[in-house]
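Throughout, protein chains are lettered first and strands after them, A, B, ... in sequence-line order, and every chain is numbered starting at 1.
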2 protein chains.
Amino acid sequence: MADSRTPRSAEGLGSSSPAPAVTRAAAVLDALAEAPSGRLTLSDLSRELGIPKSSTSNLLMALEEARLITREGAEFSLGRKLVELGAAYLSRLDEVQEFYKFCEQAPTLSGETVRIAMIDGDHIIYLARYEGHPAVRLTSNIGDKMPLSLSAVGKVLLAQLHDHDIEAMFPDDVELPVMTPKSLRSAVELKAQVAAIRKQGYALEDEESTLGVVCLAVPVPTHGAHGPSLGLSVTALKATFSEEQAALMVKELKELAHSLGNPMG
Amino acid sequence: MADSRTPRSAEGLGSSSPAPAVTRAAAVLDALAEAPSGRLTLSDLSRELGIPKSSTSNLLMALEEARLITREGAEFSLGRKLVELGAAYLSRLDEVQEFYKFCEQAPTLSGETVRIAMIDGDHIIYLARYEGHPAVRLTSNIGDKMPLSLSAVGKVLLAQLHDHDIEAMFPDDVELPVMTPKSLRSAVELKAQVAAIRKQGYALEDEESTLGVVCLAVPVPTHGAHGPSLGLSVTALKATFSEEQAALMVKELKELAHSLGNPMG
DNA sequence: GGTGGTTGTTCAGTGGATTGAACAAGCGTG
DNA sequence: CACGCTTGTTCAATCCACTGAACAACCACC
């Protein structure tokens, strides 16, 4: 997707980093993560990030020594250590452990596909997935990202933000990403939904990211001031989706959200 | 585990990194990943890594801007971007996708707990887990590490290495980590097992990491020269473990390994 | 409230990381 | 095979990131 003609400068001109080498190294990791093939050469990186070749070479050597990237011939790709670090992050979230336990025991949810997600910049990121439903395997994985406007969790998390933050992210004339004919197209429409979500306490996504698939989501009340807000969602096939079922799911999701929000034994 | 009295210098004295800031930043991430609570203050990090406070402050600011870490008051912890990056790494491994598909269809394995792992320095790291067996939920997670000598996959991957590499990692007088009374204690014993594993083509772990639990593992033939070698394992309760079952599992594991090793439609 | 030991931030000097040009090695192409 | 166009590595000069000490803010404990 990234236009290879447009080098995205690692440094935003005026904003000089307090540790440029680190900022640039992070840009290297990003570039590798976003590259379609996942593999780039020194020259590729140097060109795309606008970093001199010799400097890039130094960065890559340091990153390789830290196992954050791997060299394979002349091509570099992400390293295994990133899996460790990502896992270390997730293992610290007690919510994830409890999430699994709860899903297994919940009468309705235990048979569905449930996910827990978190807001991450202008996207959501999936942290864990419970699959009671081996028949419907989602293509999305832990760690995957999604635009806020295209998912139920995204909308529900958006609804948790202050209005001026929402306005900053979605001015009225902004272009929203579109994945299906039913995707929301205007920021005005999105903000109207946000208002509705705040009233009813849950969000619905009706084939807006994948045709034939609907999603329900609720927010997890953020306990105390610390930690970013989490959201929960159930995914179901539109064909087998009924009002009563939806009501049950929302009820159980809210129970789960409540128990995640109030840490107890 | 880390003796807080012993600052592990980020730089190995003589070996000066071509990009010290990056190496130090990586050390910061490691320290945060290993910290029991997952949260450290600027001073903690400065002390433990032997980096001046002012420099540490700069590193942390740059890391935070890259979302590789998060600040929470005065404490720093790993950032969400690491989950993304780890996921990006895993999503590139086609093996993982095929692994899931195969497990679901395999007659015996589909009811068991199967994992795929990779060698990572002197440990193994789990890349994916299939659970046909909701009754027995493992405590281990994707991204977790394990010493080579304590798991069936570890031993089977060790058996793939050249003898001189094994000798370098496990000289005869080395102290092996111990987790149960049945854990291997001497490197000599370990190397004898490696020889046996090479003959029979699979490895067995008999309550060496967890009492009551046994594991079988086979290697995935590394197709071509590139990519590190992978291993597959099934975990079962010792109580419900029979010879015939073991034979079936090894057979299916080998089939899976073969299909992973020979990429096809 | 004073006091000792923290904490994180500021700032000017300097030593080392960064750099660009010049190098060597690979690869299609005519 | 010689040619252009890549690629990655080398090296000395310069600039800027790192440093250490001095600072301010905080907490805990008499």
Side-chain angles (χ1 to χ4, degrees), chain A residues 4-5 7 9-29 31-32 35 37-66 68-77 79 225-226, chain B residues 4-5 7 9-29 31-32 35 37-66 68-77 79 225-226:
Chain A
S4 57
R5 196 65 54 87
S9 63
E11 45 260 325
L13 270 99
S15 67
S16 69
S17 162
V22 176
T23 307
R24 306 222 271 204
V28 167
L29 296 179
L32 287 174
S37 78
R39 297 185 294 178
L40 293 174
T41 70
L42 188 153
S43 302
D44 290 338
L45 288 163
S46 168
R47 202 173 325 109
E48 178 162 358
L49 301 176
I51 305 175
K53 278 192 296 181
S54 47
S55 314
T56 309
S57 172
N58 287 338
L59 289 179
L60 291 176
M61 286 202 268
L63 283 171
E64 187 184 9
E65 203 180 319
L68 293 172
I69 64 174
T70 321
R71 168 177 228 143
E72 208 166 278
E75 297 185 308
F76 294 88
S77 44
H226 73 293
Chain B
S4 56
R5 196 63 54 85
S9 64
E11 45 259 323
L13 268 101
S15 69
S16 69
S17 161
V22 175
T23 307
R24 307 224 268 204
V28 167
L29 296 180
L32 287 174
S37 77
R39 296 185 293 179
L40 294 174
T41 70
L42 187 151
S43 302
D44 291 338
L45 288 163
S46 167
R47 203 173 323 107
E48 177 162 357
L49 300 176
I51 305 176
K53 277 192 295 180
S54 46
S55 314
T56 309
S57 172
N58 286 337
L59 288 179
L60 292 176
M61 285 201 268
L63 283 171
E64 186 186 11
E65 203 179 319
L68 293 171
I69 64 174
T70 320
R71 167 177 229 143
E72 209 166 277
E75 296 186 310
F76 293 88
S77 44
H226 71 295

Within-4.5 Å side-chain heavy-atom neighbours: [X] and [Y]:
{"X": "Ile51(A)", "Y": "Leu45(A)", "result": "no"}
{"X": "Leu63(A)", "Y": "Val28(A)", "result": "yes"}
{"X": "Leu42(B)", "Y": "Leu60(B)", "result": "yes"}

In whole angstrom, what separates [X]'s [atom1] from [N]'s [atom2]?
{"X": "Leu60(A)", "N": "dT18(C)", "atom1": "CG", "atom2": "P", "result": "12 Å"}
{"X": "Asn58(B)", "N": "dC16(D)", "atom1": "CG", "atom2": "C1'", "result": "12 Å"}
{"X": "Glu48(A)", "N": "dT7(D)", "atom1": "CD", "atom2": "P", "result": "14 Å"}
{"X": "Leu59(B)", "N": "dC18(D)", "atom1": "CG", "atom2": "P", "result": "7 Å"}

| field | Arg24(A) side chain vs Ala26(A) backbone, donor-acceptor pair below 3.5 Å | value |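 The answer is no, because no donor-acceptor pair under 3.5 Å joins these two groups.
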| Is there a donor-acceptor contact under 3.5 Å from the side chain of Thr41(B) to the main chain of Glu75(B)? |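 Flag not set: sc Thr41(B) to bb Glu75(B) has no pair under 3.5 Å.
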At a cut-off of 3.5 Å, list every protein nitrogen or oxygen paired with a nitrogen or oxygen from nucleotides 5-9 of chain C, distance to 0.1 Å.
from: dT7(C); atom 1: OP1; to: Arg47(B); atom 2: NH2; distance (Å): 3.0
from: dT7(C); atom 1: O5'; to: Ser43(B); atom 2: OG; distance (Å): 3.1
from: dG8(C); atom 1: OP1; to: Leu42(B); atom 2: N; distance (Å): 3.3
from: dG8(C); atom 1: OP2; to: Ser43(B); atom 2: N; distance (Å): 2.9
from: dG8(C); atom 1: OP2; to: Ser43(B); atom 2: OG; distance (Å): 2.1
from: dG8(C); atom 1: N7; to: Lys53(B); atom 2: NZ; distance (Å): 3.2
from: dG8(C); atom 1: O6; to: Lys53(B); atom 2: NZ; distance (Å): 3.2
from: dT9(C); atom 1: OP1; to: Arg71(B); atom 2: NH2; distance (Å): 3.3

| said: My understanding is that only residues two or more places apart in sequence, or in another chain, count here; which of them pass side-chain contact (heavy atoms from CB on, under 4.5 Å) with Ser77(A)? | reply: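 Ser77(A) satisfies side-chain contact (heavy atoms from CB on, under 4.5 Å) with Arg39(A), Thr70(A) once adjacent residues are dropped.
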| Secondary structure string for DNA chain C (Watson-Crick or G-U under 3.5 angstrom, | for other-strand pairs) | ||||||.||||||||||||||||.|||.||
| query | Of all heavy-atom pairs between Leu59(B) and Ala25(B), which one has the smallest distance, and what is that distance? | reply |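 Minimum heavy-atom separation between Leu59(B) and Ala25(B): CD1-N, 4.3 Å.
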| Closest heavy-atom pair and its distance - Ser46(B), Pro52(B) |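 Here Ser46(B) and Pro52(B) meet closest at OG-C, 3.8 Å.
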| request: Counting heavy atoms from C-beta on, name the nucleotide in dT18(C), dG20(D), dA17(D) closest to the side chain of Arg24(A). | output: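 Taking heavy atoms from C-beta onward, the closest nucleotide is dT18(C).
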